[in-house]
Protein chains: 2
Amino acid sequence: MRAKFTTEEIAAAALAIVDEAGVAALSMRALAAALGTGPMTMYNYVAGKEGLEELVVAAVVADVSMPAPSDDWQHDVHAIATEMWRGVRAHPAAIPLVLTRRMASATGFAIVDGLVAALGRANLADVDRLAAFHAVLGLVTGAAQAELAGPLTGSSAEAAQRIGAVAGAEYPHIAALSKVASRTSIEDDFDGGLRMLLDGIALRSR
Amino acid sequence: MRAKFTTEEIAAAALAIVDEAGVAALSMRALAAALGTGPMTMYNYVAGKEGLEELVVAAVVADVSMPAPSDDWQHDVHAIATEMWRGVRAHPAAIPLVLTRRMASATGFAIVDGLVAALGRANLADVDRLAAFHAVLGLVTGAAQAELAGPLTGSSAEAAQRIGAVAGAEYPHIAALSKVASRTSIEDDFDGGLRMLLDGIALRSR
DNA sequence: ACCTGAACACCGTTCAAGT
DNA sequence: ACCTGAACACCGTTCAAGT
């Protein structure tokens with residue numbers, strides 16, 4: 001029998017399940033049913049459940065595109081980090097998968113290589129370049145994680161309620177900050193933190 | 001019948017399973033077996049699988065202790081972030097749980113409140129204080145995530161092999177940086193990135 | 001060679017029966 | 001009231017049989 005599906009079709013169907021019904025709904029059997037075949041057929045295209053989840057991560061990373069480089073490394077690092085963050089946020093339900101899986105697809109390496117290249121133009125010592133790279137990547141994934149499960153996430157009412165439920169009066173600093181959260185946007189907040197980090201990196205420039 | 005277990009016993013047994021056999025091995029049935037009882041008994045102590053995982057996260061967070069404050073906010077933010085990172089790294093197998101679950105236990109709020117308090121002494125505008133808070137938290141969780149699944153993680157030989165397997169010659173900047181990774185420690189790397197961020201935050205001080 | 005149904009060894013949870 | 005076994009509806013994957 002001829003191959004019935006392409007890897008792209010499988011990946012698209014799997015990502016659609018995650019987007020629509022959450023990561024818990026992604027199963028070999030559900031995917032097979034969505035494609036109109038039996039569960040065992042999937043094993044001809046995908047290396048088990050683990051391989052299927054890698055495919056989903058690759059599909060999410062695939063539409064993170066490399067911004068055009070400029071002559072300003074800070075601008076480029078900012079643009080790349082922001083684009084990575086946008087790409088991950090485009091599929092919120094897939095974030096747990098992206099966060100916990102080592103991304104090894106070629107498409108992901110391209111933008112990571114671009115980030116390292118931009119940081120290279122900052123003229124840092126080797127160890128500083130590595131630390132800066134990890135910090136930028138950490139900030140991006142950390143921001144995605146925080147939006148998913150952070151202490152000050154969600155509507156301010158919801159956050160206030162949650163904090164209140166855990167003895168809000170005992171944690172006055174969190175309570176005060178949660179009020180600020182309702183007056184700013186997630187985007188501006190990410191941008192602000194990223195700019196602080198970029199300023200700190202720039203101080204190491206030689 | 002009297003209650004057979006305390007919540008602490010359940011949490012300790014669950015964390016032990018995760019530490020020893022990984023997060024995939026944590027099941028209601030395995031936990032019950034470890035405690036010498038039937039699966040259904042667990043439901044008298046824990047709000048289902050989800051509640052069990054929250055219990056594990058709470059147990060990990062529980063031994064993150066608040067460092068003594070000094071008169072230097074940068075020192076204090078550094079100490080708190082480092083202690084959080086240490087606490088998460090103490091249970092590597094539990095990191096996926098900690099990263100993806102909203103932490104709502106009172107014990108976790110205490111140190112987060114301390115972090116916000118230390119940042120408050122930096123004399124920042126409200127939105128900058130919030131951005132700095134999220135950035136520090138993001139850096140900590142991002143560092144934990146990167147160690148688990150980052151592109152330059154693991155032994156240098158392993159990383160080099162992985163990068164080589166994905167056409168290393170095509171990504172020269174990653175390849176060069178991966179050589180630096182073998183000459184520094186994870187600790188120094190985290191420390192370097194954190195200090196850069198702290199410097200950037202300090203620039204916003206009024 | 002490639003595909004796939006039956007079967008196995010799990011899983012979380014409902015429900016009702018025990019004490 | 002609290003505890004818990006049986007049962008149900010899932011799950012990933014092995015294995016062997018189909019074409």
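In what follows, every chain begins at residue 1, and chains take the letters A, B, ... in the order their sequences are listed.
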Check for a donor-acceptor pair, side chain of A:Y43 on one end and backbone N or O of A:M28 on the other, with a separation under 3.5 Å. no
Donor-acceptor pair, side chain of B:E83 and main chain of B:S65, under 3.5 angstrom: yes
Can you tell me the distance, in whole Å, between the CD1 atom of B:I10 and the C1' atom of D:dC3? 13 Å
Test: B:K179 and A:D126 ion pair at under 4.0 Å: no
On a heavy-atom basis, the closest approach of B:L197 and A:G193 is CD1-O, 4.2 Å
Please tell me if the side chains of B:F133 and A:I174 come closer than 4.5 Å, counting only heavy atoms from C-beta onward. no
The Watson-Crick or G-U wobble partner of D:dT13, with both key distances under 3.5 Å, is C:dA7
Searching all strands shown, indicate the nucleotide that pairs with C:dG18 (Watson-Crick or G-U wobble; both distances under 3.5 Å). D:dC2
Please state how far atom CD in A:E50 lies from atom P in D:dG12, giving the value in whole angstrom units. 12 Å
Would you indicate, yes or no, if C:dC2 has its OP1 or OP2 atom less than 4.0 angstrom from a side-chain nitrogen or oxygen of A:K4? no
Would you call B:R195 and B:D191 a salt bridge, using N to O less than 4.0 angstrom? yes
Mind calculating the distance between NZ (A:K49) and P (D:dC11) to the nearest angstrom? 9 Å
Within residues 23-43 of chain A, the residues having a heavy atom closer than 4.0 Å to DNA chain C are A:R29, A:T37, A:G38, A:M40, A:T41
